[in-house]
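Computed from heavy atoms alone, side chains included, the values below leave out hydrogens, waters and symmetry copies. The structure presented is a predicted model; accordingly, all values stated were derived computationally and were not measured. Proteins get letters first, then strands, A, B, ... in listed order; numbering begins at 1 in each.
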Amino acid sequence: MEKQYNPKQVEDKIYSCWIENSSFLASESSTKPPYSIVIPPPNVTGILHMGHALNNTIQDILIRYKRMDGFEALWLPGTDHAGIATQNVVEKKLALEEKNRHTLGREAFIQEVWKWKQEYHSTITKQLKKLGVSCDWDKERFTMDEGLSKAVREIFVKLYNDGLIYRGKYIINWCPRCQTALSDEEAAHQELAGKLWHFKYPFKNREGHMVVATTRPETMLGDTGIAVNPKDERYSDLIGQTVVLPLVNREIPIVADDFVDKSFGTGAVKVTPAHDPNDFHMGQRHAMEPIVVIDEAGTMCGEIPQKYIGQDRFACRKDLVEDMKALGLLEKEENHSHAVGHCYRCDTIVEPYYSDQWFVKMKPLAEGALQAALDNTITFYPKRWRKTYIDWMENTRDWCISRQIWWGHRIPVWYCQDCQETVVAVETPTKCNACHSQNLEQDNDVLDTWFSSWLWPFSTMGWPEKTDLVNKFYPTDTLVTAPEIIFFWVARMIMAGLYCTGKLPFTNIMLHGTVRDDTGKKMSKSLGNSIDPIEIIDQYGADALRFSLIMITAQGADVYLHPDTFDIGRNFANKLWNASRFLLGNIDQKVTFNTLPTTESFSAEDQWILSKLNKTIEGTRKAIDLFRLNEACHLLYDFIWHDFCDWYVEAKKADLYQNDSPDKKSNALNLCSYVLAHILKLLHPFMPYITEEIWHHLREKVSYAHITESELIMASTFPKVDISHTSDDIEEQFGLLQEIIIALRTVRSENNVPPEKRGKALIIPAKESTAQWLQSQTDLINLFVRLDETTIDSSASKPTFAGQAVVKGIQVFLELEGLIDREVEVARLTKEINHLKGVASKVKNKIENPNFVNKAPEAVVAKEKEKYQGLLTNLEQLEKNLKEMSKE
RNA sequence: GGGCGUUUAGCUCAGCUGGUAUAGAGUACCUGCCUUACAAGCAGGUGGUCGUUGGUUCGAAUCCAACAACGCCCACCA
């Protein structure tokens, strides 16, 4: 083993080894209880970013933990075809070759995308593998696989037959750049600084005009009326009147509608049913036929003045304001900020657009999905997201599922060209149901990407077929994802799961935060502030990346990433590596252990480390079970670094070096191997590579019955708590010893005693029982403090001059001729006395407060009183010592 | 407009059902060490009226309320 851990030499080799051993494969026929997770499928042409790294590390930890803990663990991987996103990428590429999808034609274009998919699909999966993910790659799926496509058609037909899918002319969010409809969720609102223009619309049959306020002047060309609130007295006598729409000279009515807010703008609103969702609904209420004046590319069209035709909507806005101004019809303009929808794929401002689209009725689907959250059969981690989910479920609006793009699942609907009959079918129909004509044409649109993703937990397992995979692993257990897609994906999967399978697709939802840079900005390629996980893996290793990321991520909180963060994991891996190297380096010939040494041979540190180990096992399990992975990391970090390396291994060095006492050495090796093997197992889900590598080295030197039996650590068993080893008393006792050692080290350090100067310690405990126990620990004290001799004597008198401290009533002296500085000691003791005085007065107030004594639990009161006595004893001794020292 | 979150050491953050000799870690900083596992290390140290103000309580970083700053999500005010 080399002096520094080198992940590069290890990681790829080990991943291949796992693959060769089929270690990730889950079996439908296993008798073990199932545990399953489906991956949130990354975009097929995506590249790995820190969000993926976090998301997949969490899943890998859960799946490895469960796999080691006796479950048949399936982590089902796959990718998403990401309709609009992927089509955009391929179109961009085509544009470079001066081609576009229309010149290519639909068939050729789709082939082009498939080609792209084949080429780039491996990027993201290769990158995931570098992270060390233990996905069952044999079961990898793609949302446009034949089976999954069939599932999409099945559910479409089922929903249609149940009356839950309909087609209609509605106003929807339209991206003029992508030239497709978007769902409400895909139109992300952003606050923009805009203007509010007040326009005058002259009356037809009388003098004067109405003043309407608008943020979108260009839509006035499509106005079909003016609406006012029926209770608005300013306008009550004008309802029913007619105004003449300037520039187009169309006569339009003034109507009354409750929607209108009297207090906003002028209290009168122009109604443009074809270009505003509210106006659309108002138009319906007042039988107004929408007039389209903006086309699918965002340019002006229709029966409007010639000069505007073909103009971009924003250019037209400018001109129109000028023209109205010229006519004297612009009353005023004011600044106004408002939320405007943007395409979540290309960020273009969304245009409300009136067109024929397909919709899913959400209300009926939402009922069960809502109930699952209300009665907590589904659990959110952290739980605050439950409310967000419930709010959305209670206010669902119908889901626009048709997209005017080519890459995706084509809508399984055919129109008879002869009798106009609509045929909805899973398999391509050969003839019309009504007139038997074979002249059928399929709907041109494809389905929203999420219409396939919402089936992911079961379509990937073969649904609608009743496969063994579904039987064994569906429903899944935990979904790990980001809160951004609760509505897009999580909520819809729950609806689809209930609707298709009658079961919730998962019961735990773990939502992790967003990865941000150190200034709090979301990491993204376009902002150029992202840290590339692959670069970090190259530099620090996958384990370091994983461990660092998880350790700094509190449950559900956003992660602020600084490049130095990864030092934590790298240094920790190196620490573990060196501790292992040291232990294994002390084994000359392979040793075999069957059990721990007899209890009688345990030293204090043996009992202590076993107790700590088992507390760590308990804590780690609990933390993972509650999805508090950062807590598990901290527990392991502290135990391994501070308890095991800093104290236990140090304490065992003497035994390990000594070859003249083979029993001692053997016992030390036994215990060290035992603890190390457990450490590796506990850490494996978090740092799979290095633990596997050390495991390999460990097994070359040590055979430990029932512990190192498995050739690969990933196939070994996760440690279970052995309460026969846990003891608070032992931990407390050893803790006292540690405090004494630290006190002595502090004396040395504060007095700048050179390391090579050894010395003597005198320890005067108050109690004889303590003295006896400490007597058995003098070797350890000598070792840790670098002393020649430690004397424990409860009846000894104080040395005339020495470095000193008082630890829980135990007086500790360090005797080093000429090396202890009186001033330093006086200062230290004074400081300590002042500190303790402060504490003591606080405790005194407490125990003298009758309210506290009467109302607080007896145990708490007793504890405080005991604490106070202890403080007094310490203070008394310190003050006495200080006085004596000052006298000399 | 509604909802949610955050505010703790110079920096990044833990701190769960209120009670640990009096708030922890990493990092940074100061001191001493290349001590035969590890300088990516070891030992010791400095550093905090836990955003503000009230309240509940014997007791509050922790529970409640208001306020402030920052951030996020949702929403059809033209």
Taking the inter-plane angle between the rings of A:F644 and A:Y648 on a 0 to 90° scale, is it parallel (under 30°), tilted (30 to 60°) or perpendicular (over 60°)?
-> parallel
C1' atom, B:A28 versus B:A75: distance in rounded Å?
-> 45 Å
What interatomic distance, in whole Å, is found between P of B:A65 and the corresponding atom of B:G24?
-> 29 Å
Tell me: NZ of A:K262 to P of B:A78, nearest whole Å?
-> 19 Å
Checking only heavy atoms, does the side chain of A:K575 share a donor-acceptor pair with the base of B:C38 at less than 3.5 Å?
-> yes
Taking only Watson-Crick and G-U wobble pairs with both distances under 3.5 Å, what dot-bracket line describes RNA chain B, where [ ] shows pairs that cross earlier ones and | shows pairs with another strand?
-> (((((((..((((.....[....)))).(((((.......))))).....(((((..]....))))))))))))....
Do the ring centers of A:F572 and A:Y5 come within less than 6.0 Å of each other?
-> no
Identify whether any heavy atom of A:E631 sits under 4.0 Å from a base atom; if not, whether one sits that close to sugar-phosphate; answer base, sugar-phosphate or nothing.
-> base
Checking all strands, does A:R570 fall into the base, sugar-phosphate, or nothing category for heavy-atom contacts under 4.0 angstrom?
-> base
So the salt bridge (Lys or Arg N to Asp or Glu O under 4.0 Å) pairs with at least one residue in residues 275-286 of chain A (sequence neighbours excluded) are A:D257-A:R285
Kindly state which residues belonging to residues 383-393 of chain A come within less than 4.0 angstrom of RNA chain B, counting heavy atoms of the residue only, listed by number.
-> A:R384, A:K387
Name the pairs: protein N/O against N/O of nucleotides 27-35 of chain B, kept only if under 3.5 Å.
none

Looking at every strand, decide which applies to A:G870 at a 4.0 Å heavy-atom threshold: base, sugar-phosphate, or nothing.
-> base
Earlier contact from the 5' end, RNA chain B, for A:T266 and A:L626 | A:L626
At under 4.0 Å between heavy atoms, what does A:A579 touch on the DNA or RNA strands: base, sugar-phosphate, or nothing?
-> base
Hey, does A:H281 reach any base, or is it just sugar-phosphate, or nothing, if we go heavy atoms under 4.0 Å?
-> nothing
Is A:E864 touching bases, backbone alone, or none of the nucleic acid, heavy atoms closer than 4.0 Å?
-> nothing
For B:A21, take OP1 and OP2 only and decide whether either is under 4.0 Å from a side-chain N or O of A:K867.
-> yes
Any protein N or O atoms within reach of nucleotides 57-62 of chain B? Criterion: under 3.5 Å, listing atom names and distances.
residue : atom : partner : partner atom : Å
B:C58   : OP1  : A:K855  : NZ           : 2.7
B:C58   : O4'  : A:N851  : O            : 3.3
B:C58   : O2'  : A:N849  : ND2          : 3.3

Separation of the P atoms in B:U46 and B:A37, to the nearest angstrom = 30 Å
Base B:A39 paired with A:Q4 side chain (donor-acceptor, <3.5 Å) = no
In terms of heavy-atom contacts, does CD of A:Q284 have more than 12 from other residues, nucleotides or ligands at under 6.0 Å?
-> yes
With a non-hydrogen cut-off below 4.0 angstrom, is A:V212 in contact with a base, only sugar-phosphate, or nothing?
-> nothing
Give one of base, sugar-phosphate or nothing for A:G267, where a contact means two heavy atoms less than 4.0 Å apart.
-> base
Heavy-atom contacts under 4.0 Å between residues 641-648 of chain A and RNA chain B, which residues?
-> A:W641, A:H642, A:C645, A:D646
Nearest heavy-atom pair of A:K615 and A:E731: which atoms, and what distance?
-> NZ-OE2, 3.0 Å
Under 4.0 angstrom, heavy atoms only, what part of the nucleic acid is A:F487 near: base, sugar-phosphate, or nothing?
-> sugar-phosphate
For atom P, what is the distance between B:G59 and B:C67, given to the nearest Å?
-> 26 Å
With heavy atoms under 4.0 Å as the rule, sort A:K270 into base, sugar-phosphate or nothing.
-> nothing
Report yes if at least one side-chain N or O of A:K831 is closer than 4.0 Å to OP1 or OP2 of B:U46; otherwise report no.
-> yes
Between B:C74 and B:U20, how far apart are the P atoms? Round to whole Å, please.
-> 42 Å
Counting just side-chain N and O atoms, does A:H338 come under 4.0 Å of either OP1 or OP2 of B:C77?
-> no
